[in-house]
Amino acid sequence: MKVLKSLGIDAGSTTLKIVGLDEERQIVFSIVEEPDPKIEEQVDALLREIGTRYDTASAKVVATGYGSNLLRADEKITEISCHARGIYEYFKTGGTAVDIGGQDNKVMLISENGKVIDFMMNDKCASGTGRFLENTAWRLKIPIEKMADLALKSDGEVPISSTCAVFAESEVISQLSRGHKLAHVIKGLHRAMVKRIGGMIYAIGIRPPLMLSGGVAKNRMVVQMIEEETGETVLLPEDPQIIGAYGAAVLGL
Amino acid sequence: MGLVNQIKYLTLYKIIGTAVISRQTRKSLRHYRLPRGWREDILAPPLRIGAYTQQMIAKHYLEGRYVNGVKPVAWVTSGAPIEILKALGYYILYPENHGALCGARKVAQEISEEAERDGYSIDICSYARTDIGTALSGKTPVGKLPKPDLLLCCTNICQTVLYWYRVLADYYEVPLIVIDTPFVYEEANDHDIKYVKRQLESSIEVSEGIAGRSLNFKRLKEVVRASKDAADLWLQCLKANRRKPAPISVFDQFIHMAPIVEKRGDPETVDFYARMLAEINRRVENGVGAVKHERKRVLWDNLPIWYRIRFLSESLAEHGVAVVASTYTNAWGELAPLMDVERPVESMAKTYTYPILNRGTGHKLRTMESMIKAYSLNGAILHSDRSCKPYSIGQMDQRLKLLNERGIPALLLEADHNDPRAFAGEQAVSRLKAFVEMMEA
């Protein structure tokens with residue numbers, strides 16, 4: 001039975017992520033699930049199941065994310081520290097890390113030795129977060145994973161001026177009712193979201209390289225537009241969604 | 001009517017009310033108990049002086065209930081030059097202080113909604129909404145506010161007050177004195193000070209007319225002396241925090257600043273701060289810190305978040321973070337040296353032109369930098385106050401300059417001083433915790 005040294009749990013607002021590390025700091029497994037309302041029970045069940053497959057007796061459990069309050073963990077660390085550590089551990093370099101999550105965007109400046117020098121998060125508004133795209137995808141009955149494809153294939157773009165996740169939805173409907181093509185509108189929606197993220201990156205001051213994490217980083221249109229917006233080449237982990245949980249697990253080692 | 005008011009004032013406030021409040025103070029001092037749920041593990045007990053703070057506030061508002069028809073009543077902005085009114089015997093009410101009290105008692109939202117129902121936008125300052133809401137509905141946690149006979153509005157804190165006080169003047173149909181203070185970018189010009197001085201001089205006649213008496217310059221000097229002495233003692237209370245551990249926190253300062261704002265110019269306020277300073281000095285002698293296990297010391301910029309003071313205090317103290325200095329509480333002490341008892345009106349003109357909010361963003365940055373040095377601070381929390389644009393403007397650049405030029409981590413915390421609807425608790429806690437982790441890394 002493989003021995004786990006550390007378990008990182010990222011109980012986010014939109015997804016629950018768990019990563020297990022062995023003593024060589026290698027990722028043994030990762031889990032991404034939708035969170036249940038009773039997240040503590042969901043995590044307990046998952047940990048029990050993990051315990052049947054791996055030796056977790058000596059594993060330290062580190063939790064992060066908005067849902068971490070109720071979780072039983074050896075340590076609770078904020079998402080900023082976890083994402084920053086996750087991205088630093090992954091790319092082994094300092095720079096600017098951008099995490100685009102379900103309801104939170106975080107921009108972190110990481111020093112050469114992995115310390116967080118500065119950070120910024122969206123405070124009271126979900127503009128520019130995953131929810132921005134999700135709301136419209138749901139309204140248009142398009143699977144979220146198809147949004148990027150539609151935008152990438154689009155031969156045009158309709159500007160979406162609203163930065164509000166709720167109002168953008170009605171703006172999209174309004175643009176469609178004026179006869180604009182769906183793909184053009186979807187591409188415009190991506191642009192509006194990226195402009196908002198770009199604003200945060202500039203506000204904190206970009207230091208290359210630019211590294212992305214979070215579920216939305218799986219959207220290729222978003223990544224491409226961030227590169228266009230900033231003029232920087234983006235470093236993207238293989239699975240950007242688990243970086244927070246991975247960082248939490250690394251901090252537990 | 002006048003006689004009935006006089007009798008009520010004398011019996012219900014002067015004799016019975018004052019006696020009851022004083023008895024409560026003595027009782028709470030004799031049987032000192034920690035507030036319910038006080039986190040003794042992370043915080044020192046509240047200052048004993050708190051019993052007197054409560055007493056002063058209680059007496060002030062109790063007097064307000066019975067003062068109409070007995071003394072002339074003026075409603076004034078927080079940075080208004082009140083010494084002339086004080087010398088003329090006015091009872092002075094500070095709607096902003098009343099607003100803060102409503103915030104701390106967690107009723108500001110309900111009262112603001114009264115103003116919003118009447119058409120006042122949610123984008124207007126939450127103090128203004130709280131005050132107008134009280135005026136319209138009569139709702140207040142202090143029982144009843146006296147009606148104003150005169151309004152005094154000084155633009156040295158913001159321009160909102162100008163429109164707010166015009167609304168009040170219209171509503172109560174009373175005269176409004178506006179003291180317009182030119183904005184100070186670096187240093188005020190002589191003609192700026194002369195301009196303010198002339199406005200102060202021409203306000204005397206209106207104020208005398210309503211008070212029904214003439215201004216006695218000897219009395220004015222006494223009031224200016226009391227203002228100066230109290231402000232000076234307040235500043236000494238704040239400066240005690242240069243010691244490690246800091247004897248009081250900025251959250252304590254937020255509570256005990258009430259007298260320096262609303263009882264400025266009274267001899268009892270001087271006594272109050274002398275007593276407070278003595279208690280703080282005892283803490284310093286005994287090495288008592290406001291935050292037990294003080295590990296990091298930070299600055300607070302901008303107004304308090306009145307409805308979450310204890311929550312924020314505990315959230316930070318849990319991590320050994322003491323909020324040691326604040327540009328806001330400092331604002332009521334830093335101008336004390338400008339007051340000159342021998343030249344009361346002229347020195348008032350200068351003093352009231354120089355508040356931090358009437359000066360450029362560069363000045364605020366320099367103030368923060370010097371406080372960071374003087375108080376040995378590790379970081380700064382900049383409350384981006386949705387309601388207070390003059391205080392919040394420039395914070396994005398100030399934050400970056402503190403970080404990049406001084407190596408001081410700084411957090412921008414979005415909230416509102418009085419409207420809890422603009423405060424996201426989970427987000428705030430998560431940012432504060434990340435900020436602490438960043439300082440410790």
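Only heavy atoms go into these numbers, but all of them, side chains included; no hydrogens, no water, no symmetry mates. Proteins get letters first, then strands, A, B, ... in listed order; numbering begins at 1 in each. These numbers come from a predicted model, not from an experiment.
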Option in A:Asn69, A:Ile204, A:Ile117, A:Ile80 with maximal non-hydrogen atom pairs under 4.5 Å from chain B: A:Ile117
Between B:Asp397 and chain A, which part of the residue has a heavy atom less than 4.5 Å away: side chain, backbone, both or neither? neither
Quick one: sort the A:Tyr246 and A:Tyr90 rings into parallel, tilted or perpendicular, breaks at 30° and 60°. perpendicular
Is a side-chain N or O of B:Gln395 found less than 3.5 angstrom from the main chain of B:His383, in a donor-acceptor match? yes
In terms of heavy-atom pairs under 4.5 Å with chain A, the winner among B:Met438, B:Arg431, B:Arg399, B:Met439 is B:Arg431
A:Cys82: which of A:Asp10, A:Ile243, A:Leu251, A:Asp99 passes side-chain contact (heavy atoms from CB on, under 4.5 Å): A:Leu251
Heavy-atom distances under 4.5 Å only: say whether B:Leu412 touches chain A with side chain, backbone, both or neither. backbone
Heavy-atom cut-off 4.5 Å, strictly under: side chain, backbone, both or neither for B:Phe423 against chain A? backbone
Verdict with supporting geometry, A:Glu228 and A:Arg191, salt bridge (charged side-chain N to carboxylate O under 4.0 Å, His left out): CA-CA 10 Å; A:Glu228 288 167 12; A:Arg191 184 78 63 192; 2.9 Å; yes
Give the intermediate values and the outcome of salt bridge (charged side-chain N to carboxylate O under 4.0 Å, His left out) for residues B:Glu314 and B:Arg310. CA-CA 6 Å; B:Glu314 290 176 356; B:Arg310 190 152 157 193; 3.3 Å; yes
Measure B:Ala410 against the heavy atoms of chain A and call it side chain, backbone, both or neither at under 4.5 Å. backbone
